[in-house]
Amino acid sequence: QVQLVESGGGLVQPGGSLRLSCAASGSIFGTYAVGWYRQAPGKQRELVAVVPRVGSTNYADSVKGRFTISRDNAKNTVYLQMNSLKPEDTAVYYCNANSRTLLLNYWGQGTQVTVSS
């Protein structure tokens with residue numbers, strides 16, 4: 001069982017920055033792809049960025065050049081640095097750990113990000 005705990009959300013003005021953190025209950029990066037998803041009111045949950053178990057990171061087109069996903073293996077934590085935030089980035093952001101090999105998928109509880117003046 002993997003537990004994921006997000007933090008770092010909040011209210012920010014357009015053009016501002018936030019950094020989200022996702023702390024995992026154990027060592028996950030060798031087993032799981034870890035990523036961030038978001039869900040805005042009335043919309044489906046969508047992928048924002050993912051760090052695969054092997055290979056390069058992937059970003060949604062809407063956040064490329066503005067968001068950066070990174071991880072700290074020693075802390076079992078993945079981060080999402082969000083710059084140049086726009087009102088359309090407003091959503092609940094969820095951390096996810098997925099293993100296609102083990103057929104396991106875990107979600108955090110979500111953290112609210114609101115971009116508004």
Practice task
Mind jotting down which residue pairs meet the side chain to side chain donor-acceptor pair (under 3.5 Å) criterion with at least one end in residues 50-61? Sequence neighbours excluded, please.
Solution key: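 Only D61-K64 qualify under side chain to side chain donor-acceptor pair (under 3.5 Å).
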Which heavy-atom pair separates [X] from [Y] by the least distance, and what is that distance?
X: A40; Y: A91; result: N-CB, 3.8 Å
X: R71; Y: P52; result: NH1-O, 3.8 Å
X: A24; Y: L4; result: CB-CD2, 3.9 Å
X: P14; Y: S116; result: CD-C, 3.6 Å

Give the cluster check for [X] versus [Y]: same hydrophobic cluster or not, with ILVMFWY residues linked at side-chain heavy-atom distances below 4.5 Å.
X: L104; Y: V51; result: yes
X: V92; Y: L47; result: yes
X: Y106; Y: Y93; result: yes

Exercise for the section: Could you list all the disulfide bond (SG atoms under 2.5 Å apart) pairs where at least one residue sits in residues 31-73, not counting sequence neighbours? Expected result: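 Those involving residues 31-73 do not exist here.
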Handout entry: Heavy-atom check, side chain of D89 versus side chain of R66, under 4.5 Å
Key =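 Yes, at least one pair of side-chain atoms sits under 4.5 Å.
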Practice task
Answer yes or no: are there more than 12 heavy-atom neighbours, outside Q44 itself, under 6.0 Å from its atom CD?
Solution key: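 At most 12 heavy atoms, drawn from other residues, nucleotides or ligands, come within 6.0 Å of this atom.
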Nearest-0.5 Å distance, [atom1] of residue [X] to [atom2] of residue [Y]:
X: F67; Y: W36; atom1: CZ; atom2: CH2; value: 11.0 Å
X: Y32; Y: L102; atom1: OH; atom2: CG; value: 5.5 Å
X: L11; Y: Q112; atom1: CG; atom2: CD; value: 9.5 Å
X: T77; Y: E6; atom1: OG1; atom2: CD; value: 12.0 Å
X: Y94; Y: T111; atom1: OH; atom2: OG1; value: 10.0 Å

Exercise for the section: Walk me through it: do R38 and V63 pass the test side-chain contact (heavy atoms from CB on, under 4.5 Å)? Expected result: CA-CA 12 Å; R38 66 186 181 187; V63 307; 4.0 Å; yes
Considering only distance and modelled atom types, tabulate donor-acceptor pairs under 3.5 Å from the side chains of residues 78-86, sequence neighbours left out.
{"residue": "Q81", "atom": "NE2", "partner": "N83", "partner atom": "OD1", "Å": "2.9"}
{"residue": "N83", "atom": "OD1", "partner": "S17", "partner atom": "OG", "Å": "2.9"}

Practice task
Look at the aromatic rings of W107 and Y37 and report parallel, tilted or perpendicular, splitting at 30° and 60°.
Solution key: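 The arrangement is perpendicular - the two ring planes meet at more than 60°.
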Exercise for the section: Report the C-alpha distance between N98 and V50 in whole Å, list the side-chain angles of each, state the deciding distance to 0.1 Å, and finish with yes or no for side-chain contact (heavy atoms from CB on, under 4.5 Å). Expected result: CA-CA 10 Å; N98 177 270; V50 63; over 6 Å; no
Problem - Donor-acceptor contact present, side-chain Q3 to main-chain S25, <3.5 Å - result: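 Side chain of Q3 to backbone of S25, a donor-acceptor pair under 3.5 Å: no, none is there.
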